[in-house]
Amino acid sequence: MDMHTNALKKPRLSFWQLWNMSFGFFGIQFGFALQNSNTSRIFSTLGANPDDLALFWLAAPVTGLLVQPVIGYMSDNTWHPKWGRRRPFFFIGAFLAAIALFLMPNSSALWMAVAVLWMMDAAINVSMEPFRAFVGDKLDPTQQTAGYAMQTFFIGCGAVIASLLPAIFTHFGVSNVPVDGMIPDTVRYSFYAGAVVFMVAVSWTVFTADELPPPDLASFQQQRQQARHIGTALAEIVGGFGKMPKTMVQLAFVQFFTWIALFAMWIYTGSAIADAVWGTRDAQSAAFQEAGNQVGIMFAVYSGVSALAAFILPVFARATSRKIVHFVCLAIGGLSLASIALIDTKDMLMLPMVGVGIAWASILTMPYAILAGSLPAERMGYFMGLFNFFVVIPQIVSGLLLGFVTREFFGGHTVQTLVLGGVCMLVAALLTLAVTDKAPNQA
């Protein structure tokens, strides 16, 4: 059987082949989890006002807005007999992300931390976006939900360990207190470990997974030559907005409200529980830093739940549908996030994270599985990158508005911002019911 036929048929992969092609996401999420659970803490320790946190976080989504569709387009038009199409981007992104993870906890001023966040988010996105297209490239539609579920499993596992690292280092006697306004050693060592894990995990996928060549290599080479012209590239990147499949447009609205909720959670959980449970807003206090460790534990819980749920959700999707599963999971997550406002004791903070973890598992699996079946194979990377506009645009909106809303409407009490995030996730759940999903039998 020739190469052309193999590429068209997309042979069914074994469990361990799915494992190898997804393992890089363990490292990617290791980096993202360190970023999500510690960035606000780092900014606050370096002197950021709580009302301005969302504004400083803008570096991350703005970077994604610029990087994702470009990297997707570039990977669509890349092919090397040994390195393939997506794996060069996995490796380059991992190398740059490892450097940024080392630099972040060594920031000595707020502007430096914001600049490194920009670099770190760009590098992580260079690795991450081609991973989403990788599933669409290699897997038959009947295996795509399983492929994204495997990614979600590794995302959960990586996030659990990374989120717990500051608390683990504290347990072993590493200082958790900022000295002279600098980042605590617990956070510093966690980021160093993250740099190593990111590089090793992504390299595992790069060297153990292969890629299917384009079905018509001669036609692909001609298309790639055209894509090298900047004018052609820009025209195709911008023109893609008008060619989005109907399903992608419908999912865009779901993603918009979902990611407002997530961004609110990542930015404000630390200051919210420090204020509501520990009774402090002083970022230099031991109590605030203890709350920061608790956020890591909370995020580890929701990530751990998502890792377990990743393999259960496809079963429910087969019994019902992918959009019904996503609707239910988002509704549970929205109610759980809003319920943090009712908690005033440390022991109860883990409970809402279970519901958030169920939602997170679905957020990382179902939209991409639904979308992959509606995209042209030759532009999978570009459209996956474009789809993530609807991840980063709500984050930009949040960065511009959440600080104002928190200050003017909630009196600076960020726990109320978490309630707003929960409401947004409930809106996303309702919008899911309008999505068109022509799902094949899932495996």
Side-chain angles (χ1 to χ4, degrees), residues 25-46 48 50 53-54 56-57 59-61 97 100-101 104-105 107 113-114 116-117 120-121 124 128 155-171 174 176 178 183-195 197-198 259 261-275 277-278 283 288-307 337 340 346 349-350 352-354 356-357 359-360 363-364 395 398 414-415 417-418 421:
F25 245 114
F26 178 83
I28 290 172
Q29 194 58 33
F30 211 98
F32 259 134
L34 288 169
Q35 173 182 303
N36 292 339
S37 59
N38 292 285
T39 295
S40 286
R41 177 182 184 178
I42 289 171
F43 287 167
S44 296
T45 302
L46 294 174
L53 286 176
F56 293 132
W57 267 79
L101 284 163
M104 185 66 166
S107 301
V114 173
V116 175
L117 174 61
M120 182 164 58
D121 201 83
I124 294 175
M128 185 184 71
I155 286 170
C157 291
V160 167
I161 299 171
S163 298
L164 287 174
L165 276 183
I168 292 171
F169 281 121
T170 300
H171 178 75
V174 178
N176 191 51
I183 312 303
D185 287 343
T186 51
V187 177
R188 192 186 312 275
Y189 296 157
S190 296
F191 274 75
Y192 295 164
V197 170
F198 198 119
W259 284 85
L262 292 171
F263 207 57
M265 180 181 72
W266 291 331
I267 295 173
Y268 290 117
T269 298
S271 58
I273 67 168
D275 185 9
V277 180
W278 272 263
F288 190 96
Q289 297 299 327
E290 184 182 348
N293 279 4
Q294 186 69 19
V295 170
I297 297 171
M298 292 169 67
F299 285 10
V301 168
Y302 89 69
S303 299
V305 170
S306 75
L337 183 58
I340 294 177
K346 175 181 175 180
L349 286 171
M350 298 303 124
M353 293 296 102
V354 174
V356 170
W360 183 233
I363 290 165
L364 294 173
Q395 294 181 50
S398 298
T414 53
V415 71
T417 315
L418 299 186

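For the pair D185 and F169, the minimum side-chain heavy-atom distance is 4.5 Å or more. Looking only at side-chain heavy atoms (C-beta outward), I297 and M350 come within less than 4.5 Å of each other. Within the 4.5 Å cutoff, the side chain of T39 has no heavy atoms near those of the W266 side chain. For the pair W360 and I155, the minimum side-chain heavy-atom distance is below 4.5 Å. Counting heavy atoms from C-beta on, the side chains of F26 and I161 come closer than 4.5 Å. Between V295 and R41, the closest side-chain pair of non-hydrogen atoms is not below 4.5 Å. Contact check for I340 versus M265: no side-chain heavy atoms found under the 4.5 Å cut-off. Between I183 and L46 the shortest side-chain heavy-atom distance falls below 4.5 Å.
Looking only at distances, a side-chain donor or acceptor of S40 sits under 3.5 Å from a matching main-chain atom of I267. Distance alone, capped at 3.5 Å, places no donor-acceptor pair between the S303 side chain and the A300 backbone. A donor-acceptor contact shorter than 3.5 Å links the side chain of T414 to the backbone of A272.
The nearest pair of heavy atoms linking V305 to G357 is CG1-C, 3.9 Å. For P166 against N38, the heavy-atom pair with the smallest separation is CG-OD1, 3.8 Å. Closest non-hydrogen pair, L165 versus A193, comes out as CD1-CB, 4.1 Å. Contact record, S190 with L34: O-CD1, 3.5 Å, taken as the closest heavy-atom pair. Scanning both residues, G156 and S306, for their nearest heavy atoms gives CA-OG, 3.7 Å. Nearest approach of G421 to A261, heavy atoms of both residues: O-CB, 2.9 Å.
Not a single side-chain hydrogen bond (donor to acceptor under 3.5 Å, both in side chains) links Y268 to another residue, sequence neighbours left out.
Remark: N176 CG to E290 CD distance equals 8.5 Å, nearest 0.5 Å. To the nearest 0.5 angstrom, F30 atom CZ is 9.0 Å from S163 atom OG. Going from atom OG of S107 over to atom CZ of R188 covers 9.5 Å, rounded to the nearest 0.5 Å.
There is a side-chain donor-acceptor pair under 3.5 Å between T45 and Q289.
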